[in-house]
Amino acid sequence: MVLIFLGLFNSGVSAGYMCSVQSIQLFLCVLLLSIFRPAFGHVVAGSQKSGAEQVSVSQRSNQYYIRIAKANDYGVSLNYFDSFDAQEKDIVLLNSPVMNVKVAQAPAQTIVLIVKDSQLANIKNIRVEGHAADIVLAAPKGIRCDGCSIENAERVTLATGTITSDYGELETIKITNGSMEITGDGFSATDLSLLDIAAGHVLVDAPFRTNMRGSLSTRNHQQVKEIDEAGELDVSNGDVQIIVGQNHFRYSDRQSNAYYKNFSIKDYASLYALEITHSGTFAVGNLHLESTYDNGIVFVGGQIKAQGAWAYVGRYNDQSIVPLESVKIKANGNIYLSDQIIAANRVDIESTGLVEVKALSAGNNYLLDSISAAEVNIAAVGVMKNAGAIVAESVYVSAQEITNEGDIESTRDLYLNGKSGIANQYGGVILGENIEMKSEKDVINGQLYPFKPSKWCAYSQRSIISDHSLETGGKISVPLFKGCGKVAVDSLSAYILGQNIKVEAQNFTNANPYEVSRNGYTDPELKLDFIKSSQVVISAESILEFHLKERLWNMSAIAESWTGNVVLDTPLIDNERYHIWADTYTTKSPQVTCTRKEDKPGSPIMTYERRELCLVNPNILVDKKIQYIKVLSPPARLNVGGSLVLKSNMFSNEHSSVEVRKDISGSVFNVWMEGLQLRDVFEQTTTQYHSRRYCSKRFFRHCIRHKTDHWKTSTTKLVKNEVTAEYPFIFYVDGHIYEGFGSDSYSLQNITFGPYATAYMPPPSPTSKPSKYVPIFNGDTTIFIPNPSYREGE
């Protein structure tokens, strides 16, 4: 009976007329009137069209029923509204010939809802009743969504713009500066396959979900995947795109013709063109975020997850839509990430400004993954700063400058290209199977100072302070820090660890600024902490390769290969301590002579413990010059598990270590190695006093006046000169050193900071029959290596 009356109603007979004619069915009339009474306010149909092309609205207590306009030849139903404020009520779009005679000939394929320019669209739940259709909501003023959902639609477009339609086909949407805001209980649309949001500004401050729910069950000993609203598993569904900017959105291919404009903060009272707050969590099958503004900032403060237990294959225009389970973020300005992005496939980030990834603490000094995917691609015209954890099978980063103070981990390839420089510092970790780092300028692992400057300070790359005077000597490899303030840091560690590592740059610096110091000789002796001494490392399990235009600078840090070769193709190689400072403690005291106490009372000095008599001789003074280490850093270590292949002008190894398990080949013209010796030097100075009386005036050979001259003489002899400590260089080769190593100069020295320092030069190699081993002298230590010129039987 109800269906009969609905059919009469849809044929143009009013519900009131039917009630007057057939009063016996009064209860049905009341029902119809309650469903289809006219709406006053809230959702109000416009008057732009008439007849079957005119939309009509009816409501009951919790729903608006919208009889959409007749679809054109392209299946597009254009519906105009003077007001579109649902106010917590559901909106039902009648696309059924049974309930809406306007679509009797053919249901609409696309339902376009066009809101008056001056009115905000406020939506709750939108449902297509009858034949599923695409939904386009165009509200130039803006769209508000608080706990909204969309059902029975394969594709949805929410836009703050005006519709352009050619020949009845939906072409483009001209986006205005309206704002799309998702707040409260968020947004949910688990039926759709494609979702586009295009607006002048977008705020997501609530959960956003297109993923379905699913569960796994076992039937006939096989695991069965099921879509289940009560399930606990996420099933990837929906390709979601959010684009901000005043552009032309092309409906046909979901692309934008961007018209670059500056983002105006005063228009939106927001710093960000596209803002996802901490509450704005995403669970989608695929996500594309984009800002086309000049200097429009994209801020991602909520978790984005494009990873499910499995992917649901959707349908659109009779074609399968498989969620890519990827995330792409693109901006013509800065991009800030302060929460997780988790994708099963790819994460692509592109910015014409900077990209900044913040740290997410997991407690106990561990980090949550900031970006997790099979492949991560980051491209920035500006700086790329990472303080979080980027984890993937492959990672590719290209930027003007790359600064890593977090983790970048790859199980396969890891490629970093920083045009103006790459810095891995303050706890940074770079881990990968094959690591390649490129820069037109410098790459640094570690940091030059044991603190962080409060702002950028310019300093030169290399400045040595060296004082080899008689009293004090010191060497710090970096320039003294000037200005800008100092900020304490939690960690000075920096690690680059891989199977194969290749660096191409102007300079590579491996710097550990760890040092220990004492104020004077009477303070406790300095001891280095093993962990801090090994906190800056570049380590390759197989091949470690450097191709540098200027210099490899290894300061108190470790550069090593475990089993493979190390290739150093650079004009200058410096392997040295970050800081070493030897001072001289000097005292001058009279000689004290002590004898056993017998029957000799009344001694000037008496030691009761040993029962000795000690006499002070003021005429004999003892100068004690005791050398000690005042500041100390660990040695730099270059460890080669295979062969060391060199192409260099200068190789310098100062107070540090080089160990090569196989051969040294290639060429290096000048070799300089030095160590440090500390000595105790005691000098005894004996002073003797003399006098002579003589006649200063005579008269007739008689002396009438006498004078006495007094003078003193002193003699100094060395009573002690011994080595008390050594900080040598180590140069150990287990294989052959081929011709070309130190072809122009080869110098090995021990340098003593303090008095009587002498340089030690090894004697020339014999020119007669070559010996089987060649000695390398280092102070009192001699290391023998096999002589490559030796031939058995010669």
Side-chain angles (χ1 to χ4, degrees), residues 86 121-127 135-137 139 142-151 153-160 178-214 229 233-244 254 270 272-291 298-308 311-312 314 321 323-331 335-344 347 349 371-372:
N122 189 353
I123 60 175
K124 188 66 174 175
N125 301 318
I126 300 178
R127 183 177 79 253
I135 296 176
V136 177
L137 174 59
I143 302 173
R144 301 291 183 269
C145 165
D146 182 353
C148 59
S149 65
I150 298 176
E151 300 176 33
E154 293 179 348
R155 178 181 178 183
V156 174
T157 302
L158 305 176
T160 64
S179 179
M180 171 76 188
E181 297 183 3
I182 299 173
T183 58
D185 293 331
F187 176 89
S188 175
T190 58
D191 292 344
L192 56 74
S193 296
L194 303 175
L195 171 63
D196 295 299
I197 295 176
H201 168 260
V202 172
L203 169 67
V204 182
D205 188 34
F208 191 110
R209 183 180 188 84
T210 61
N211 280 356
M212 296 178 173
R213 292 290 188 185
E229 290 185 1
L233 300 178
D234 252 8
V235 180
S236 294
N237 175 66
D239 187 337
V240 178
Q241 180 176 235
I242 300 177
I243 300 179
V244 296
R254 306 177 69 205
S270 173
Y272 311 113
L274 197 167
E275 179 179 3
I276 301 172
T277 69
H278 181 69
S279 301
T281 56
F282 277 74
V284 296
N286 193 70
L287 181 63
H288 176 189
L289 304 176
E290 183 175 353
S291 168
V298 174
F299 175 79
V300 179
Q303 185 191 68
I304 295 175
K305 189 174 182 182
Q307 181 185 56
Y312 178 81
I321 302 296
L324 297 178
E325 295 188 296
S326 297
V327 175
K328 183 173 183 178
I329 304 175
K330 187 176 181 180
I335 297 175
Y336 297 97
L337 307 178
S338 62
D339 210 318
Q340 290 183 294
I341 298 179
I342 302 171
V347 172
I349 300 173
I371 301 176
S372 176

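These numbers come from the heavy atoms of this one structure, side chains and all, not from hydrogens, waters or symmetry mates. The shown structure was predicted, so the numbers you read here are calculated from the model rather than taken from an experiment.
The closest donor-acceptor contact from the side chain of Asp146 to the backbone of Gly186 lies at 3.5 Å or more, if one exists at all. Under a 3.5 Å cut-off, the side chain of Lys305 and the backbone N or O of Ile341 do not form any donor-acceptor pair. Of the possible donor and acceptor atoms, none in the side chain of Ser291 sits under 3.5 Å from a partner among the backbone N and O of Val298. In this structure a side-chain-to-backbone donor-acceptor pair under 3.5 Å is missing from Asn122 to Ala86. Counting only distance, with no hydrogens or angles, the side chain of Ser326 and the backbone of Asn286 share no donor-acceptor pair below 3.5 Å.
Considering all non-hydrogen atoms of both residues, Gln307 and Ile342 come closest at OE1-CG2, 3.3 Å. Nearest heavy atoms, Ser270 versus Glu275: OG-OE1, 3.5 Å.
We find the CG-CG distance between Leu324 and Leu287 to be 11.5 Å, quoted to the nearest 0.5 Å. Note that the CD1 atom of Ile243 and the CG atom of Leu274 stand 10.0 Å from one another [nearest 0.5 Å]. Between atom CD1 of residue Ile242 and atom CD of residue Glu290 there is a gap of 12.0 Å, rounded to the nearest 0.5 Å. Between Ile123 atom CD1 and Ile150 atom CD1 the span is 5.5 Å, to the nearest 0.5 Å.
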Pair Cys145-Met180, side-chain contact (heavy atoms from CB on, under 4.5 Å): steps then yes or no:
CA-CA 8 Å; Cys145 165; Met180 171 76 188; 4.3 Å; yes

Are Val204 and Phe282 close enough, and set up right, to give a side-chain contact (heavy atoms from CB on, under 4.5 Å), and what steps lead you there?
CA-CA 9 Å; Val204 182; Phe282 277 74; 3.8 Å; yes

Please step through side-chain contact (heavy atoms from CB on, under 4.5 Å) for the pair Leu289 and Ile304, ending with a clear verdict.
CA-CA 11 Å; Leu289 304 176; Ile304 295 175; 4.1 Å; yes

Using the rule given for salt bridge (charged side-chain N to carboxylate O under 4.0 Å, His left out), can you reason through Asp234 versus Arg213, listing the C-alpha separation, both sets of side-chain angles and the distance that settles it, and then say yes or no?
CA-CA 5 Å; Asp234 252 8; Arg213 292 290 188 185; 3.5 Å; yes

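A salt bridge links Arg144 to Glu181: at least one charged side-chain nitrogen sits closer than 4.0 Å to a carboxylate oxygen. Asp191 has no carboxylate O lying under 4.0 Å from a charged side-chain N of Arg127, or vice versa, which leaves the two without a salt bridge.
In this structure, the side chains of Ile182 and Ile197 come closer than 4.5 Å at one or more pairs of heavy atoms. Side-chain contact check for Arg254 versus Asp239: some heavy-atom pair is nearer than 4.5 Å. Side-chain contact between Arg155 and Asp196 is present, with at least one heavy-atom pair separated by less than 4.5 Å. Using a 4.5 Å cut-off on side-chain heavy atoms (C-beta onward), Leu158 and Phe187 make contact. At a threshold of 4.5 Å between non-hydrogen side-chain atoms, the residues Ile349 and Leu337 count as touching. Side-chain atoms of Ile276 and Phe208, non-hydrogen and from C-beta on, never get closer than 4.5 Å to each other.
Remark: the Gln303 side chain and the Asp339 side chain contain no N/O donor-acceptor pair separated by less than 3.5 Å. Under the 3.5 Å distance criterion, with hydrogens and angles disregarded, no donor-acceptor pair is assigned to the side chains of Thr210 and Asn237. Side chain to side chain, Thr277 and Asp205 meet the donor-acceptor criterion of an N or O pair below 3.5 Å.
Residue-environment remark: CZ (Phe299) exceeds the threshold of 12 foreign heavy atoms within 6.0 Å.
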